[in-house]
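Report on one structure; see the data block that follows.
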Protein chains: 2
Amino acid sequence: MNKSIEKLITTTQALLWERGYVGTSPRAIQDRAGVGQGSMYHHFRTKAELAQAAEERSAAELIEEVRALLDAPGDPLDRVLTYLRRERDVLKGCRIGRLAADPEVVADPALRKPLEHAFGWITERLAALLREAQDCGRLPQEWDAQSLAATVLAVIQGGYVLARAANSPAPFEQAIEGLIALLTNNATAED
Amino acid sequence: MNKSIEKLITTTQALLWERGYVGTSPRAIQDRAGVGQGSMYHHFRTKAELAQAAEERSAAELIEEVRALLDAPGDPLDRVLTYLRRERDVLKGCRIGRLAADPEVVADPALRKPLEHAFGWITERLAALLREAQDCGRLPQEWDAQSLAATVLAVIQGGYVLARAANSPAPFEQAIEGLIALLTNNATAED
DNA sequence: CAGTAAAAACATACTAGTAGGTACAATCTG
DNA sequence: CAGATTGTACCTACTAGTATGTTTTTACTG
């Protein structure tokens with residue numbers, strides 16, 4: 001067990017979430033982690049390398065949380081709705097989506113990969129559930145599950161953006177409710 | 001006409017879009033604008049003051065562009081769909097939404113206000129059109145137009161996030177197509 | 001099992017360059 | 001020529017490290 005490495009990664013995760021990649025300085029990481037400069041640069045050669053480790057951890061944690069919700073037993077569409085209504089610290093935003101705003105993250109393949117992986121995984125998992133929902137007759141067969149999955153994830157990510165712009169969770173909640181109305185009151189609802 | 005003021009504002013608009021508030025330094029603004037430090041600090045007392053002017057300009061421009069699209073003649077729902085399919089430089093993201101990621105912007109009321117104003121205006125305008133669409137019978141009356149408007153805007157903003165994370169416009173386009181399917185293939189479609 | 005060698009871990013000092021300004025003199029412009 | 005504008009110098013603090021020295025572990029030998 002290396003205590004310093006662990007502390008550096010969790011601290012960097014927190015700072016990346018709060019302030020993004022450009023807004024997070026090595027010094028801020030060291031101070032908050034209570035780890036000296038020499039230590040930090042011993043374990044991680046650059047800020048980017050440490051950020052990458054932190055991103056990978058955050059992506060894995062997010063995937064694990066979403067997997068737990070979406071793998072639950074029950075009706076597939078209901079599980080998607082549960083995921084949509086999941087409790088969130090809305091104004092804090094998404095630990096992964098936040099990083100997509102940083103040009104340095106998007107430009108560096110190593111820094112961008114964890115984002116692509118997390119969002120790719122969630123989209124695929126949602127698409128699979130939505131296809132199940134189509135097979136159950138709860139969604140029209142002619143809809144494209146893959147596109148719909150992207151829509152679901154986009155509403156969440158966009159909801160965060162609107163909420164932070166308004167400094168209020170209300171737009172997030174409205175966006176979610178609007179999507180739920182769209183998903184539950186569709187052409188198959190009258191069967 | 002003050003040439004320096006104009007150049008400073010348009011340059012800051014561009015830099016805020018590209019790099020956000022934290023990532024934009026006074027020096028970078030001066031260099032790209034070709035304006036000296038003395039000039040800049042003569043016209044704008046702080047970086048925040050200049051950023052605010054740039055944000056207000058960007059918000060006004062965005063509103064004007066959206067207004068032009070949404071005020072066009074024709075069926076209200078079709079106008080929303082046209083807005084959704086509008087051409088965009090997807091990987092560049094939204095000039096306003098990008099700033100919601102910056103904690104310093106969200107924390108400062110003066111810097112946050114233009115975002116709240118722009119998104120508030122667009123949401124209201126969309127909600128009005130969606131209500132019209134309900135009155136035309138193209139959307140179910142029981143849906144809440146305000147929530148739906150938030151959903152539409154969230155899909156766009158979230159689409160940008162997903163696209164940048166994937167370094168590809170594809171997730172954006174999928175999210176839009178999914179939303180269009182939801183909006184056009186609903187319970188009233190069988191009337 | 002003591003002793004030691006090597007490596008891993010941590011700390012301190014230093015660096016060139018940038019962030020976000022202030023102070024003030026010089027220069028336009030009406 | 002007064003007031004608006006601009007250029008230059010300067011400031012303190014921070015960024016992203018490098019360089020170097022000091023402990024602390026671990027691993028092996030006799």
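Heavy atoms only: backbone and side chains are in, while hydrogens, waters and symmetry mates are out. Labels below follow one simple rule: chain letters A, B, ... track the order of the sequence lines, proteins then strands, and each chain is numbered from 1.
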For [N], does OP1 or OP2 lie under 4.0 Å from any side-chain N or O of [X]?
{"X": "A/Ser4", "N": "C/dC10", "result": "yes"}
{"X": "B/His43", "N": "D/dT6", "result": "yes"}
{"X": "B/His42", "N": "D/dT5", "result": "yes"}

Query raised in the report: Taking atom types as modelled, is there a side-chain donor on A/Asn167 or B/Glu116 under 3.5 Å from an acceptor on the other?
Result: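 Note: A/Asn167 and B/Glu116 side chains miss the donor-acceptor criterion.
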
Query raised in the report: Under 3.5 Å, is there a donor-acceptor pair between the A/Glu55 and A/Gln13 side chains?
Result: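 No, A/Gln13 and A/Glu55 have no side-chain donor paired with an acceptor closer than 3.5 Å.
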
Query raised in the report: Would you call A/Glu124 and A/Arg67 a salt bridge, taking side-chain N to carboxylate O under 4.0 Å as the test?
Result: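 Here A/Glu124 does not pair with A/Arg67 in a salt bridge, since their nearest N and O are not under 4.0 Å apart.
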
Report task. Using a strict 4.0 Å threshold on nitrogen-to-oxygen distance, state whether B/Glu177 and B/Arg85 make a salt bridge. Result ->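 Result for this pair is yes, salt bridge flagged.
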
Requested in this report: Please identify each residue that fulfils ring-ring contact (aromatic ring centres under 6.0 Å, His included) with A/Tyr21, with sequence neighbours left out.
Outcome: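 If we apply the ring-ring contact (aromatic ring centres under 6.0 Å, His included) test to A/Tyr21, skipping adjacent residues, there are no hits.
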
Query raised in the report: Among pairs that include at least one residue of residues 11-39 of chain A, which meet salt bridge (charged side-chain N to carboxylate O under 4.0 Å, His left out), considering only residues two or more places apart or in two chains?
Result: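 Qualifying pairs: A/Glu18-A/Arg32, A/Arg19-B/Glu104.
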
Report summary line: Per-nt protein contacts along nucleotides 15-24 of chain C (heavy atom under 4.0 Å; B base, S backbone sugar-phosphate only, - none) come out as ---SSSBB--

**Report entry** Interatomic distance where CE belongs to B/Met40 and P belongs to D/dT8 [whole Å]
**Finding:**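 It works out to 17 Å between those atoms.
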
Query raised in the report: In whole Å, what is the span from the CZ atom of B/Phe44 to the C1' atom of D/dT6?
Result: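 Whole-Å distance recorded here is 15 Å.
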
